[in-house]
Colleague: 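Here you go, one structure.
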Protein chains: 2
Amino acid sequence: MKRFDKHIFICENKRPAGHPRGCCKDKGGSEVKELFKKRLKELGLNSSVRANTAGCLDACEFGVTVVVYPEQIWYGGVTGNDVEEIIQSHIINNKPVERLFINDSRFNKDE
Amino acid sequence: MKRFDKHIFICENKRPAGHPRGCCKDKGGSEVKELFKKRLKELGLNSSVRANTAGCLDACEFGVTVVVYPEQIWYGGVTGNDVEEIIQSHIINNKPVERLFINDSRFNKDE
């Protein structure tokens, strides 16, 4: 078994005010990260699943951006309201939450 | 194809001075991250391979800690002198650098 069954990276990159791409920090990245950590711990999952801060994932315009490994599933526009669904559906039941997929051809394509 | 062929996360977590586990920031995590970014760009790999800052990867005592996805290979004690070998051997030629594996049973085990 690998160290972590799932590894969730949440972008918390901060750009200067007014940057045209925006940034995940200003969109609530830190709150999303904290909520993932809190819920994983409450559910007793935090020894096998880890949520981590990430630097800029280069998907700023889709933020808050979250990428889940080992599958490399990319979520965009994630808010605190989405954390429970991602945990219950994707992390626990291995059913990624398609409604939150980044809607751009560079992401979430297998071929 | 996935957004990134390889995704390299380098811990840059900072703990208070004197913490018994130490921290990757104090061991040079930021320098390692910057060097990965610089070399990937120089080699023209930065559109398919990304190096990112990570928060605490919970391997503080083995830092600087680097984890490479999608394989989830864990490297410890990484310095700037190791970056080129990781890129050439693992990132480009898919041969992970075993001498840098974290030497702990919780890491780099497939079963």
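Numbered from 1 within each chain, the chains take letters A, B, ... in sequence-line order. These numbers come from a predicted model, not from an experiment.
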Colleague: Shared ILVMFWY cluster between A:W74 and A:V49, side chains joined below 4.5 angstrom?
Modeller: no
Colleague: Give, as side chain, backbone, both or neither, the part of B:C11 having an atom under 4.5 angstrom from any heavy atom of chain A.
Modeller: neither
Colleague: With a 4.5 Å limit on heavy-atom distance, are the side chains of B:N108 and A:K2 in contact?
Modeller: no
Colleague: Can you list everything that forms a side-chain contact (heavy atoms from CB on, under 4.5 Å) with A:A54? Sequence neighbours excluded, please.
Modeller: A:F9, A:L57, B:F9
Colleague: Between A:N52, A:I102, A:V67, which residue shows the highest count of heavy-atom pairs closer than 4.5 Å to chain B?
Modeller: A:N52
Colleague: Is there a side chain to side chain contact (heavy atoms under 4.5 Å, CB included) between A:D58 and B:R3? Walk through the geometry before answering.
Modeller: CA-CA 10 Å; A:D58 197 22; B:R3 177 71 183 89; 3.5 Å; yes
Colleague: Considering only heavy atoms, which portion of B:N13 lies under 4.5 Å from any heavy atom of chain A: side chain, backbone, both, or neither?
Modeller: neither
Colleague: Would you please name every residue forming a ring-ring contact (aromatic ring centres under 6.0 Å, His included) with A:F62, sequence neighbours left out?
Modeller: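 By the ring-ring contact (aromatic ring centres under 6.0 Å, His included) rule, A:F62 matches A:F107.
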Colleague: Pick from A:A51, A:G55, A:P70: which one has the most heavy-atom pairs with chain B under 4.5 Å?
Modeller: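 Heavy-atom pair counts peak at A:G55.
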Colleague: According to a hydrophobic-cluster definition based on side-chain heavy atoms being under 4.5 Å apart (Ile, Leu, Val, Met, Phe, Trp, Tyr only), do A:V68 and B:V68 belong together?
Modeller: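 Each belongs to a different hydrophobic cluster.
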Colleague: Students often mix this up, so state it plainly: with edges at 30° and 60°, are the rings of A:H7 and B:Y69 parallel, tilted or perpendicular?
Modeller: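 The rings of A:H7 and B:Y69 stand perpendicular, inter-plane angle above 60°.
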Colleague: Would B:R106 and A:S47 satisfy side chain to side chain contact (heavy atoms under 4.5 Å, CB included), going step by step from the backbone distance to the final call?
Modeller: CA-CA 11 Å; B:R106 295 171 302 163; A:S47 63; over 6 Å; no
Colleague: Near A:D104 CG, under 6.0 Å, is it more than 12 heavy atoms from other residues, nucleotides or ligands?
Modeller: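 Correct, the count exceeds 12.
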Colleague: Same hydrophobic cluster for A:F4 and A:F36, using side-chain heavy-atom links shorter than 4.5 Å among ILVMFWY?
Modeller: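 Unlinked, A:F4 and A:F36 end up in two clusters.
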